Every structure is written in C-alpha cells, then in structure tokens.
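Keep in mind that this is a model prediction, so the values were computed, not measured. These values consider heavy atoms only, across backbone and side chains, with no hydrogens, waters or symmetry-generated copies.
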Amino acid sequence: MPIAKPILSQAPTAREELVVARQMHQALVLHFLEGLTQSQIADRLGISQPTVNRLIKRGRQLGLVEIKIKSPIEPLVDMEEQLLAIGGIRRAIVVPTVSDNQQTALQAVGEAAARLLLEEIGDGDTICITGGKGVSAVVTGLQAPRRFDVEVIPGTGCVQGKHYTDVNHVSTMMADRLGGRSFQIHAPLFADSAAERAMLINMRSVADVFGRAREAKVAVVGIGSILSDDSSYYDLHPSSSTDRAAIERSGASCELLAHLLDDKGQVCDYSLNRSLVSLTLEEFASIPTKIGVASGPNKAGPILSVMRGHHLDTLVTDEATGERVLAMAQEKGLLA
C-alpha cells in the first residue's frame, strides 16, 4: 500500500513577493491618493475586493501609509499650544495678523472673540464686560444669527469721555447687537477714597449691578497696557498720567478690570487700586468663562502678566502679539 506523502507549503518566490508588493503599492495609491473605493480598485487591478482589503490593511500594518494633514492654520494651532504650555489659561485662540495697522489687527481679534462669545452663550445667560478698545472691537464684530435673551452687565464703574471707556455705552451696544438687554451702572470707576468706594459699592443700585455681574456665565474683558504712551489706562482717571512715576514704582505692568497688576499678575500696592469701583479679582475669578481680548506690540507683557496670575480662561489675540508673548516667556524661563 503506497504511503501518502505530506504536502509541503512552499514559500512565495521573490517574483511572487514582488507582484504582491506592487499590488499593495497600487492599492494604497489608488485608495489614499486617488480616492477610489475598494470595489473600484479590485476592478482596476483585476483582483477580488477581499484581496484589496487585505492589501490595504497589510500596507497600514507595515507602516507604508503616513497620513499628514497640512492646513494654512497649522502655525496658528502650534502657537496656541505653545501659549497653553506657559500656563494660566485653558484655551488660546490666535488669528493671523492681517495688517501692521493696530486697529485693523484688533478688529480681526475682536471678530474672533465675537464668534467665540456666540458659541458660549444661550438664552437666559448673563455676560459681564469691561469697557476698552478690545471689548469694543468684540461688539463691532458681533454678527448674531438670532436674538439672544441675555443680559449684559458692567463689571466696573463708568468713565465718560471716550466711547470705549464708557462701559455703559459698550454694554448697551453689545446688548443691542445680541438682541438682549443691558444694565447701567451709576457710579464712577474711581472713588475719591477707599471709604467712598465702600459707600458706593453698598448703594443699592450699584450693589445690584455687581451682584448680577458676579452671577455671570461669561465675561469679556480687555487687557490693558500701562508702560506705553498709548495706554488707555490714563484715560480712566485724571490724575493717573501725572502720577505715572508712582505707578511705575508700584511695579505695575498691566491693567485688568482697572486693577494695576505686576509682572506676575498680582495686585500692586497703588492708591487707585484701593478706591476702584469694580468687581474684585476674587469675585471675577468665580465667573465660569473669562475671555481676554488683546492685540498689539505693547500688549505682550500685559498678556503674559495676566496669564501668570491665572486670571483668564481664554485668550484671544493675533499671531504677531502671540510671537512676542512667547519670546518674553522664553526670556523669563517660563517655557521649556
């Protein structure tokens, strides 16, 4: 009786391996670069669809496919991640610097912050704001798709004179653009003394406004420069410009809700800080979403100070300003 011989599986020849490798390459190119379906590839190569599936799967396992997404906003996303690495914020939005003109650049930043605000709010919400050029740019950039049943509340006392320093004016304009309603504060930004501040804060009409501001869901604030000649802080109080030497001695590097802060984001020992009619920074910290808006060559230091003080959740700025912030952070050893 003849003995059956076992059938030995033969290893694929070099030619067969080359054929499979060529088919794999063709299948990967047709699928990932030309966008063909597996069925179309099977027809094109004259092989079965399961074979095409195996070729594509094996090609990915062998690391033959590298998917890379190239986007014009990739540098901006990288910068946002670098800003987050400094710490102090949980979200950064950087827009292209569209012009060397500071007002044009701020307008683009304001439009980005306006889009973010529309994503954050819903009917029944309260928005706390400050005055300032940055928040005014947000108002100008608002293009609400519908009416929002919201309240817009000043977070500081009022300074009349220029439209952007008048928080009541900015509040009214934001409410009009959103279709909501604004509240007015009938108190100056600075009292004559700490005692007068305490009296103003406890007035029923003022206390009601600040009570509503403390309950806000979202805050939109500017980040003010101090050490530059174009600082709007000197528009807020008549004596601040003549008291500039004292401001510099206090170590002030920026302004937030009219509070003068040092380069670590801590409140400075300066007299006007004690007579300020505003939410305190501790009260401001309780607002869930705090969006800071700033753009311009003189804003890098203030932005970094506010970030170091952990006063904001979100920063909206432009690319040129972001580059300066990162350079300063590198100099101070705040980036690895």
Side-chain angles (χ1 to χ4, degrees), residues 68-113 116 132-134 137 220-233 244 247-257 259-270 281 284-285 289-336:
K68 185 175 183 180
I69 299 173
K70 292 186 177 181
S71 166
I73 68 166
E74 186 176 355
L76 303 179
V77 174
D78 289 343
M79 181 174 288
E80 289 168 357
E81 292 176 351
Q82 292 177 67
L83 289 169
L84 292 179
I86 296 173
I89 54 174
R90 59 178 177 82
R91 177 171 52 183
I93 297 176
V94 179
V95 301
T97 302
V98 295
S99 171
D100 291 335
N101 183 293
Q102 292 185 34
Q103 184 56 43
T104 303
L106 179 59
Q107 181 180 342
V109 171
E111 289 171 355
L116 175 62
K133 297 175 185 177
V220 182
V221 300
I223 301 172
S225 57
I226 291 297
L227 303 179
S228 58
D229 292 335
D230 62 349
S231 169
S232 59
Y233 180 79
R244 187 159 182 167
I247 291 175
E248 293 182 3
R249 284 196 303 272
S250 74
S253 68
C254 70
E255 167 264 317
L256 184 69
L257 276 79
H259 294 78
L260 294 188
L261 309 180
D262 63 21
D263 64 354
K264 294 183 180 179
Q266 303 303 308
V267 177
C268 295
D269 183 17
Y270 177 63
L281 294 183
F284 178 68
T289 301
K290 298 171 286 294
I291 302 169
V293 183
S295 170
N298 298 320
K299 296 289 185 164
I303 289 171
L304 187 57
S305 296
V306 170
M307 290 173 65
R308 295 182 73 184
H310 294 78
H311 296 297
L312 299 175
D313 302 293
T314 302
L315 169 68
V316 186
T317 191
D318 66 293
E319 191 171 8
T321 307
E323 287 176 353
R324 290 184 176 91
V325 173
L326 292 173
M328 293 185 69
Q330 190 74 50
E331 291 173 3
K332 294 177 180 291
L334 302 176
L335 283 173

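Closest approach of G296 and T321 over heavy atoms only: N-OG1, 2.9 Å. Taking both residues in full, the closest heavy atoms of R324 and A300 are given as CB-CB, 3.5 Å, listed atom of the first, atom of the second, then distance. What you find for I226 and A252 is that their closest heavy atoms are CG2-CB, 4.3 Å. In terms of heavy-atom proximity, D318 sits nearest to P96 at CB-O, 4.4 Å. The two residues V293 and G134 have their closest heavy-atom pair at CG1-O, 3.9 Å. Considering every non-hydrogen atom in both N298 and S225, the closest pair reads O-CB, 3.5 Å.
For the pair K332 and L304, the minimum side-chain heavy-atom distance is below 4.5 Å. Counting heavy atoms from C-beta outward, L261 and L281 have side chains that approach closer than 4.5 Å. At a threshold of 4.5 Å between non-hydrogen side-chain atoms, the residues K133 and L106 count as touching. Between H311 and K290 the shortest side-chain heavy-atom distance does not fall below 4.5 Å. Using a 4.5 Å heavy-atom threshold, the side chains of L312 and I223 count as touching. Taking 4.5 Å as the limit, some side-chain heavy atom of L84 sits within range of a side-chain heavy atom of I89. Within the 4.5 Å cutoff, the side chain of L326 has heavy atoms near those of the L83 side chain. For the pair P297 and Q102, the minimum side-chain heavy-atom distance is below 4.5 Å.
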> Stepwise, does the side-chain hydrogen bond (donor to acceptor under 3.5 Å, both in side chains) test hold for D313 with T289?
Replying inline: CA-CA 6 Å; D313 302 293; T289 301; 5.3 Å; no
>> Apply side chain to side chain contact (heavy atoms under 4.5 Å, CB included) to residues S250 and D269 and explain how you reach the verdict.
In response: CA-CA 6 Å; S250 74; D269 183 17; 5.8 Å; no
>> Pair V325, T317 - check side chain to side chain contact (heavy atoms under 4.5 Å, CB included), show working.
In response: CA-CA 10 Å; V325 173; T317 191; over 6 Å; no
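To the nearest 0.5 Å, atom OG of residue S305 and atom CD of residue Q266 are 10.5 Å apart. Atom CE of M307 sits about 9.0 Å away from atom CG of L334, to the nearest 0.5 Å.
The backbone N or O of D262 lies less than 3.5 Å from a partner atom in the side chain of S253, making a donor-acceptor pair. With hydrogens and angles disregarded, a donor-acceptor distance shorter than 3.5 Å links the side chain of T97 to the backbone of E319.
The environment of N101 atom CG is dense: over 12 non-hydrogen atoms of other residues, nucleotides or ligands sit within 6.0 angstrom.
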